[in-house]
Amino acid sequence: MSVNIDRRTVPAGTDDYVAEAWELKETIHEREGVLKQRRDFFTDAYRRSTVHCIFTDHESTTLAGFVTVRRDGYILFLAVDPDCRGEGIGKQLVGTVVSDHRSVTCHARTTNENALQFYEHLGFEITRRIDNYYEDGGDAYYLKLNTDVGLTDKLADFVRR
């Protein structure tokens with residue numbers, strides 16, 4: 001059985017798929033202890049951002065991952081279903097952001113090794129540490145995608161596949 005991949009973009013100001021994104025975020029939170037945002041914070045940020053979604057399964061109805069991004073290229077949330085990791089979904093999502101923005105940045109918990117390894121693999125660099133960044137007192141790293149043209153071109157090309 002082949003798997004369909006369906007990419008959808010939700011423009012800022014709407015909340016299409018917000019319930020599905022919340023459920024995916026909560027699944028990750030329960031399994032890994034990350035993505036600890038409150039629902040009202042999450043939905044407000046979701047509605048104010050452009051959201052790129054990837055749906056998979058035989059009918060393209062299962063949300064496999066999403067990224068919410070502000071107009072300035074700042075990634076607010078990036079989530080990939082743990083059962084779909086390793087399939088390039090995260091790279092595709094970040095590649096979409098890269099193809100739309102000159103600069104791409106984000107924060108990641110200092111304890112979120114999976115996220116930090118993923119971002120480092122894509123060429124993000126830690127520019128600073130911020131103590132007590134998160135509502136629960138957790139620390140964060142501020143990351144910026146290296147502006148090496150070859151790397152950003154590779155990510156943007158990955159989206160076009």
Side-chain angles (χ1 to χ4, degrees), residues 1-109 112 114-116 118-119 121-124 133-136 138 140-145 152-161:
M1 172 167 53
S2 66
V3 175
N4 293 324
I5 293 180
D6 184 12
R7 299 178 198 189
R8 302 175 197 168
T9 299
V10 179
T14 62
D15 61 0
D16 295 349
Y17 315 117
V18 70
E20 293 89 341
W22 173 258
E23 289 304 316
L24 176 54
K25 183 208 82 68
E26 283 296 282
T27 296
I28 294 168
H29 173 67
E30 289 167 10
R31 287 188 191 180
E32 301 170 11
V34 295
L35 299 177
K36 300 178 181 183
Q37 296 78 15
R38 291 174 287 112
R39 188 174 192 129
D40 59 340
F41 175 84
F42 177 83
T43 55
D44 183 55
Y46 186 100
R47 289 179 182 130
R48 288 184 289 117
S49 306
T50 298
V51 183
H52 302 283
C53 302
I54 292 182
F55 289 83
T56 63
D57 83 5
H58 63 283
E59 295 178 14
S60 295
T61 58
T62 302
L63 181 62
F66 69 93
V67 62
T68 60
V69 61
R70 295 187 321 209
R71 280 182 272 156
D72 62 357
Y74 177 80
I75 295 173
L76 289 157
F77 303 107
L78 173 64
V80 175
D81 185 323
D83 297 333
C84 296
R85 291 185 185 160
E87 298 177 18
I89 291 170
K91 283 183 187 177
Q92 288 181 49
L93 291 166
V94 172
T96 300
V97 175
V98 168
S99 68
D100 291 344
H101 300 279
R102 292 174 54 112
S103 173
V104 180
T105 58
C106 65
H107 284 91
R109 276 186 189 271
N112 190 343
N114 287 338
L116 293 169
F118 171 77
Y119 285 122
H121 175 74
L122 294 182
F124 281 79
Y133 176 78
Y134 293 102
E135 190 173 64
D136 65 358
Y141 289 123
Y142 181 76
L143 298 103
K144 182 172 184 175
L145 183 62
T152 55
D153 286 347
K154 283 182 190 177
L155 280 170
D157 285 344
F158 192 79
V159 172
R160 290 188 276 275
R161 289 186 199 174

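Just so it is clear, the values below take in all heavy atoms, side chains as well, and ignore hydrogens, waters and symmetry mates.
Counting all heavy atoms, side chain and backbone alike, Gly65 lies closest to Ile89 at CA-CG2, 4.3 Å. In this structure, Gly73 and Val97 approach most closely via the heavy-atom pair O-CG1, 4.3 Å. The two residues Tyr46 and Cys53 come nearest to each other via the heavy atoms OH-SG, 4.4 Å.
Residues satisfying the salt bridge (charged side-chain N to carboxylate O under 4.0 Å, His left out) criterion with Asp15, sequence neighbours excluded, are Arg47. For Tyr74, the ring pair (Phe, Tyr, Trp, His ring centres under 6.0 Å) criterion is met by His107, not counting sequence neighbours. Take Thr105 and apply the side chain to side chain donor-acceptor pair (under 3.5 Å) test, not counting sequence neighbours, and it matches Tyr142. Listed by chain and number, the residues in a salt bridge (charged side-chain N to carboxylate O under 4.0 Å, His left out) with Arg31 are Asp83 (sequence neighbours excluded). Scored by the ring pair (Phe, Tyr, Trp, His ring centres under 6.0 Å) test, Tyr119 finds Phe124 as partners (sequence neighbours excluded). For Asn114, there are no side chain to side chain donor-acceptor pair (under 3.5 Å) partners two or more places apart in sequence or in a different chain. Residues forming a side chain to side chain donor-acceptor pair (under 3.5 Å) with Tyr17 (at least two apart in sequence, or on another chain): Arg8. Here Asp136 pairs with Lys36, Arg109 under the side chain to side chain donor-acceptor pair (under 3.5 Å) rule; sequence neighbours left out. Scored by the salt bridge (charged side-chain N to carboxylate O under 4.0 Å, His left out) test, Glu135 finds Arg38 as partners (sequence neighbours excluded). With sequence neighbours left out, the salt bridge (charged side-chain N to carboxylate O under 4.0 Å, His left out) criterion links Asp100 to no other residue.
Note: Asp81 CG to Ile54 CD1 = 12.0 Å, rounded to the nearest 0.5 Å. Rounded to the nearest 0.5 angstrom, Glu87 CD and Ile5 CD1 are separated by 7.5 Å. Note: Phe41 CZ to Leu76 CG = 7.0 Å, rounded to the nearest 0.5 Å. The distance from the OG1 atom of Thr68 to the CG atom of Leu93 is 10.5 Å, given to the nearest 0.5 Å.
Among residue pairs with one or both ends in residues 80-104, none qualify as ring pair (Phe, Tyr, Trp, His ring centres under 6.0 Å); sequence neighbours excluded.
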Kindly list each side-chain donor-acceptor pair under 3.5 angstrom involving residues 19-27, sequence neighbours excluded, with atom names and distances?
from: Lys25; atom 1: NZ; to: Leu35; atom 2: O; distance (Å): 2.7
from: Lys25; atom 1: NZ; to: Gln37; atom 2: O; distance (Å): 3.4
from: Thr27; atom 1: OG1; to: Glu23; atom 2: O; distance (Å): 3.0

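Side-chain contact between Ile28 and Pro82 is present, with at least one heavy-atom pair separated by less than 4.5 Å. Looking at heavy atoms from C-beta onward, Val94 lies out of side-chain contact with Val67 at the 4.5 angstrom threshold. Looking at heavy atoms from C-beta onward, Thr50 lies in side-chain contact with Thr9 at the 4.5 angstrom threshold. Side-chain contact between Lys91 and His121: present, with at least one pair of heavy atoms (C-beta onward) separated by less than 4.5 Å. The shortest side-chain heavy-atom distance between Val10 and Phe66 does not fall under the 4.5 Å cut-off.
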Q: For side-chain contact (heavy atoms from CB on, under 4.5 Å), just list the numbers for Phe118 and Val80, CA-CA rounded to whole Å, side-chain angles, deciding distance to a tenth of an Å, and then say yes or no.
A: CA-CA 11 Å; Phe118 171 77; Val80 175; over 6 Å; no
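Within a 6.0 Å sphere centred on CZ of Arg71, heavy atoms belonging to other residues, nucleotides or ligands number 12 at most.
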